[in-house]
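One structure is given here, and the rest of the page talks about it.
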Amino acid sequence: MSEQTHETEHAAESGGHSADPHGAAENHTEESALHIEKWEGIWIRIAVGMTVVFIVAITIAALSFGITVPGATARINPTTLNQEGNPFATPGVRELAPGKYEVYMVAQTWNFVPDRIEVPVGSEVTFYLTARDVIHGVKFAETNVNMMALPGQVSTLKATFDKPGTYNYICHEYCGYVAGAPIGHHTMYGQLIVLPANETAQATTE
Amino acid sequence: MSVTSSYSSQDAREMSNRKLVGLWFSLLAIPLTAIVLFAVLQPIKVTPRIGLAPGFIFTDMNGERLSNEDLRGKMVIYNFTTTSCTTPCVDTSAAMQQMQEMVKRLDTGGIPVMMVTILLDSENATPERMRNYAQRVGADPAVWRIVTGPPDRLKQVVGGGFGLYYEQKDNGVFEFAPLTALVDGNGILRAQYKRGAPEVDFVERDLKLMIDEVQNSAGAGGLVYEAAHLFACYATY
Amino acid sequence: MQSDKAAQSQYGRQQTSLSRILAVAVVLAVLGIIAFVLWRQFGPRPGPQYGIAVNASRPIDDFTLDSTLGRPVALSEFGERYTMLYFGYTTCPDICPTTLADMGKAQTLLGDAADRVQMLFITVDPERDTPERMRDYLAYFGKNIIGLRGSLEETEAVAGQFGVVYQKQFASTSATDYLIDHSSVVLVLDPQRRPLVMFPFGVTAEQMAHDLSAVIR
């Protein structure tokens, strides 16, 4: 018996025709196979496959479709925001041509300048946003305009407003508050009013 | 028992398993790495195709008509200013003079390069004043044309087409944001420089990229350039 | 016994390696097909050979003009389809008819893919061209070319977006006796209204059809 076993083991080591199922060789080969149940193996392969597919999809989307986190487009020195000639020194909405507007917006503690924008319906608005002090963010309700406002960075996004109405925008990056006073991140909001046809655009800060 | 190979079938399965995993891994990793490396290292740089440059018919200082059709086949550097530029206007004249020198000495491989200055103060820009301005900045009409147009067309072309904000204030002074734009020979807007005064080095660099693209994109080279446009640049604004 | 087992296992190993090779081949084939489909759909394309590749990222602004369909038509109406635009006028001596004829012929040459492309003709002569006249004129050239007509300001604004310019050339002192000098380019927009290809004057119908079938996904 022991001789047979010995022979079998010997055969396994020298790599001849081994009749052993893989389990028995574990003690002898240097790297041994990990036994994974069949269904477990399938499940793992599916999970890994999905992960790989999504990573590839994100890479392709970022590199060839330009789908990335919106929309850092420029650097700016936050201490120069009030200098003459800097468009952020006079934030507000400006008309480029009939139907096209640009809005320069500054996010500061704890309000947006401007906090009320009016544009006529159907206009295409390009938003340029920066922060004066800490990190803020802005999200315009019911639109895709959602960006971070970082001091030192100008974020840009374009949106077309086809339906008249009021679109509120809020700060969605926590930026502090004053204890016991009615002001803070939670009171940082504004309104974008899309006017029905034939009215002019303006922006104000109260 | 006979030794036919130096490893057991157990090891053989093990190794072919490994080879298989390696094969699958490389199937996915190689194209992915290639794309990422292409995008990061950018062996071929291109200027993005931002949009179609706006069409215009404007008049120059001698009353002659200049339209974008006349400029087809030429690479054009556009800039925007007024005849009487004081603050808050951005005076780009000095930079444009350097630009003219650069354009004259650039080896363009036969592709014509021109500069066009569009004057925003159309009411003030009489032919006389335009000639004075041209003389002041030393514009060589073979390379640098100075034009203006009717106010509403200017608004459409400059504000709507090039996306530049400008406005005449109550005191008559024009306030405008700085912009220099690069349009290629097919009428496609390829670059926008929004700094105070255009940096001649950047414009030169981008002109060279565009010239290289025109010269090298025949046949298979075209495919590589299309890949560069696809993976290495995109303008989303 | 050992040799039996050995023989059996050798046979078994062959069996296993055969099915393994088969499995690998099947998986590779499936992956290959998927990769091929993705490449065709999203990968860099050779691009138009005869036309000029524009592939701009800035879409054309939507506009609404009067049409030969009897009602105002907006560019965004053709949302799912590619659009092929040409600016001209009905009394144009030879450039417009030849270009329109080429467009119509390209439409026929495309065959089934023609459903994916909508041809549009925008008049640069709104004062003399009426929708009825345009409808009769366009019927000569193609089955489904929609004519669009706006006011003078609208036409100038729309044409300007495409880099198309035009100007009246008066032949005599009569105010209605003029030809129009105009940019003669055919523009192809993708379903998101982004300029895709520009065909300058002189590209034939076969060349247009070839390029169109290359860029239409």
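Reminder, nothing fancy here: chain letters follow the sequence lines and each chain counts from 1. Predicted model, so just to flag it, every value in this text is computed and none were measured.
Proximity of B:N186 to C:V54: side-chain heavy atoms (C-beta onward) are nowhere separated by under 4.5 Å. B:R65 places a side-chain heavy atom less than 4.5 Å from the side chain of C:Q167.
Remark: C:K168 NZ is packed, more than 12 non-hydrogen atoms of other residues, nucleotides or ligands lying under 6.0 Å away. For B:F202, the CZ atom sits in a loose shell: 12 or fewer heavy atoms of surrounding residues, nucleotides or ligands are nearer than 6.0 Å.
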Show your working on side-chain contact (heavy atoms from CB on, under 4.5 Å) between C:R58 and B:L189 and close with a plain yes or no. CA-CA 10 Å; C:R58 199 184 272 175; B:L189 181 66; 4.0 Å; yes
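The two residues B:R72 and C:G163 make their nearest non-hydrogen contact at NH2-O, 3.4 Å. Taking each heavy atom of C:A56 and B:G51 in turn, the nearest pair found is CB-CA, 3.5 Å.
Interatomic distance, C:R194 CZ to B:L52 CG, rounded to the nearest 0.5 Å: 13.0 Å. C:N55 CG to B:I188 CD1: the interatomic distance, rounded to the nearest 0.5 Å, is 8.0 Å.
By a heavy-atom distance cut of under 4.5 Å, not one residue of residues 107-118 of chain B is near chain C.
Contact count versus chain B (heavy atoms, under 4.5 Å) is highest, among C:V164, C:D61, C:I52, C:V185, for C:I52. Looking only at heavy-atom pairs under 4.5 Å with chain B, the residue among C:A159, C:S183, C:P59 that has the most is C:S183.
For C:E153, no part sits under 4.5 Å from any heavy atom of chain B, backbone or side chain.
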